[in-house]
Amino acid sequence: MLDDAHPETVAALNGVARSAATPQVGALHQQGAELYARILGPSHPDTLIAQREAAPDDPATACLAVGDLAGARALSEQAVADCVERHGEADLRTVAALNDLAMVLREQRDLTAAYRMYERAAELCGRLPGGPHPQHLVAGNGIARVMLLQGDVANAATELAAVLDVCVVRYGEQHPETAAARQNLDRLEAAS
């Protein structure tokens, strides 16, 4: 139904890499990261996540890359707790940890918890000076993906439109991140 240049196709490719009989970080993850970079641009949140899965630099991402969602969740929850303790809630490192945990929850299909984590991350970003921040875009994209998984296409489109607005404010009309946000919204609207 979808071509190889659709973000959901790449998400499925990464899912296959995680659920293989002997899940491992390797060619499928690298292929997913390269496709995300081509489709969404090098700085898009989903591209960055895919690149981290292809070359994990922390234990939670390594667990996620090989399909150990329970291990990734436990480590991500601990990372959030550590960030809150060290830096407080009003810190971009805490927001990044919340977004990482939300992504793991989304992968586990614990959609209510994932939505709450993304929402909390977005709310905290809104209170930080100097915004809008890239982590706000990660949260907005995550919220939209959760909505799509729940079948709520109309609200997902509204969320993606808000992400596009933030991209325009932060990066301007011609930036690749803005183009990727516009493309995500256009694809969703064309599919519905």
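Remember, predicted model here, so these are calculated numbers, not experimental data. Both backbone and side-chain heavy atoms feed into the values below; hydrogens, waters and symmetry mates do not.
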Taking all non-hydrogen atoms of both residues, which atom of [X] and which atom of [Y] are closest, and how far apart?
X	Y	answer
His133	Cys125	CD2-O, 3.9 Å
Leu188	Ala156	CD2-C, 3.9 Å
Val163	Ala181	CG1-CB, 4.3 Å
Cys63	Ala72	CB-N, 3.6 Å
Gly88	Thr94	O-OG1, 2.7 Å

Open item on the list: Checking side-chain polar atoms at under 3.5 Å, does Tyr118 have a donor or acceptor matched by the opposite partner on Arg145?
Closed with: no
TODO: For the residue pair Gln78 and Asp82, confirm or rule out a side-chain donor-acceptor distance under 3.5 Å.
DONE: yes
Open item on the list: Measuring from atom CG of Leu149 to atom OH of Tyr115, what distance do you get when rounded to the nearest 0.5 angstrom?
Closed with: 13.5 Å
Task: N-O pairing of Glu173 and Arg182 below 4.0 Å - done: yes
Task: Salt bridge present between Arg86 and Asp91 (N-O < 4.0 angstrom) - done: no
Open item on the list: My understanding is that a hydrophobic cluster links ILVMFWY residues whose side chain heavy atoms are under 4.5 Å apart, including indirect links. Using that, what else belongs to the cluster containing Leu124?
Closed with: Val80, Val84, Leu92, Val95, Leu98, Leu101, Leu105, Met117, Leu128
TODO: Would you check, one step at a time, whether the test side chain to side chain contact (heavy atoms under 4.5 Å, CB included) holds for Glu89 with Arg127?
DONE: CA-CA 10 Å; Glu89 278 206 335; Arg127 294 190 309 186; 4.3 Å; yes
TODO: Report yes if some heavy atom in the side chain of Leu137 is under 4.5 Å from a heavy atom in the side chain of Pro132; otherwise report no.
DONE: no
Task: same_hphob_cluster(Val169, Tyr171) at 4.5 Å side-chain heavy-atom cutoff - done: no
